[in-house]
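Input: a single structure, listed below in structure tokens.
Just the heavy atoms: all of them, side chains too, but no hydrogens, waters or symmetry mates, feed the values below. Remember, it's 1-based here, ligands and their atoms both numbered in the order they're listed. The first residue of the sequence shown is numbered 1, and numbering continues consecutively from there.
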Amino acid sequence: MAGSNNVILIGFMGAGKTTIGREVARLQKSIVLDTDSIIETNCGMRVSEIFERFGEAHFREMEVSVCEFIRKNVRNAVISAGGGTVESYDLRDIGEVFYLKAPLEVIFERIDGENRPLFRGKDEVAALYEKRIKLYSKQANHTLNALDSVPQIANRIYDYMRGF
Ligand code: S3P
């Protein structure tokens, strides 16, 4: 939904969505919303705790509610979407979608040792990655190389959006 002027960042855990989101928002003088942070604030719990206590399906429902709120109410913002949002929502409905694409080996390096509910083992992450890249590619209006520098990526997004 290009008319909303929202920038939507999608991609696997560790692709750099949060960092890039902050930089784009700084360039645009807009704000960045992070779907994970919104859910954590609303629930008063960390994402990992929500997964443990209520399960993944419940978390996905919360993601859909947040996306629907954004679709109805948010304009001119940068949205950093949790890596699995694409499973239950088409993010093209809330803005211009930029996919930060990072190779699996780099993802492993970046997220290894972190407490992430879906990081159970390398084989499982590899299978999830394969499944997800199809969804990311389908929803992406633009695909960006997540290995480029933060300023490079952020400026590319900023320049594109200025054309709107
Ligand atoms: C998830 C990614 C996480 C978070 C949750 C589930 C996923 O967000 O929403 O742990 O399913 O890929 P980030 O991509 O911001 O790490």
Side-chain angles (χ1 to χ4, degrees), residues 6-26 30-71 74 77-148 150 153-154 157:
N6 290 323
V7 169
I8 316 297
L9 299 174
I10 63 170
F12 210 67
M13 295 171 265
K17 301 178 294 283
T18 305
T19 310
I20 302 290
R22 273 191 209 121
E23 185 58 12
V24 176
R26 193 185 65 78
S30 64
I31 60 161
V32 61
L33 300 175
D34 181 308
T35 59
D36 287 339
S37 305
I38 294 170
I39 291 170
E40 287 187 335
T41 305
N42 280 354
C43 296
M45 265 178 256
R46 303 309 307 259
V47 168
S48 52
E49 197 182 344
I50 299 171
F51 266 72
E52 271 165 35
R53 288 179 58 176
F54 305 109
E56 181 174 351
H58 185 73
F59 179 75
R60 299 291 169 219
E61 282 170 23
M62 290 193 268
E63 282 182 324
V64 170
S65 303
V66 171
C67 289
E68 273 298 285
F69 181 87
I70 291 170
R71 186 178 66 76
V74 177
V78 180
I79 320 292
S80 172
T85 316
V86 290
E87 301 231 1
S88 38
Y89 200 87
D90 189 335
L91 291 146
R92 289 169 294 188
D93 289 346
I94 59 174
E96 191 73 13
V97 179
F98 295 84
Y99 167 26
L100 299 180
K101 191 172 184 179
L104 185 57
E105 315 80 70
V106 175
I107 301 278
F108 277 141
E109 278 168 27
R110 290 186 184 175
I111 68 176
D112 196 16
E114 290 184 6
N115 177 21
R116 291 177 182 261
L118 292 179
F119 191 59
R120 297 188 196 103
K122 280 200 165 184
D123 289 350
E124 227 176 290
V125 173
L128 184 63
Y129 180 87
E130 284 309 312
K131 175 182 156 200
R132 288 279 179 78
I133 51 178
K134 295 189 187 81
L135 294 169
Y136 298 137
S137 301
K138 186 173 167 219
Q139 295 192 19
N141 298 118
H142 313 265
T143 299
L144 301 170
N145 184 352
L147 301 188
D148 287 343
V150 172
I153 300 172
I157 297 172

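In terms of heavy-atom proximity, Thr18 sits nearest to Ser80 at N-OG, 3.8 Å. The shortest non-hydrogen separation linking Arg60 to Thr85 is NH1-N, 4.1 Å.
A donor-acceptor pair shorter than 3.5 Å can be found between the side chains of Tyr89 and Glu68.
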Please tabulate, line by line, the atom pairs linking an N/O of ligand 1 to a protein N/O at a distance below 3.5 Å, with the distance in Å to 0.1, or answer 'none'.
| residue | atom | partner | partner atom | Å |
| --- | --- | --- | --- | --- |
| ligand 1 | 8 (O) | Asp36 | OD2 | 2.8 |
| ligand 1 | 8 (O) | Gly83 | N | 3.4 |
| ligand 1 | 9 (O) | Asp36 | OD1 | 2.6 |
| ligand 1 | 9 (O) | Asp36 | OD2 | 3.3 |
| ligand 1 | 11 (O) | Arg60 | NH2 | 2.7 |
| ligand 1 | 11 (O) | Arg132 | NH2 | 2.8 |
| ligand 1 | 12 (O) | Gly84 | N | 3.3 |
| ligand 1 | 12 (O) | Arg132 | NH1 | 2.8 |
| ligand 1 | 14 (O) | Lys17 | NZ | 2.7 |
| ligand 1 | 14 (O) | Gly83 | N | 2.8 |
| ligand 1 | 15 (O) | Asp36 | OD2 | 3.1 |
| ligand 1 | 16 (O) | Arg116 | NH1 | 2.5 |

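Contacts of Arg22 classified as salt bridge (charged side-chain N to carboxylate O under 4.0 Å, His left out), with partners at least two apart in sequence or in another chain: none. In this structure Lys131 satisfies the salt bridge (charged side-chain N to carboxylate O under 4.0 Å, His left out) test together with Glu87, sequence neighbours excluded. Every residue meeting the side chain to side chain contact (heavy atoms under 4.5 Å, CB included) condition with Asp148, not counting sequence neighbours, appears here in chain and number order: Asn145, Gln152, Ile153, Arg156.
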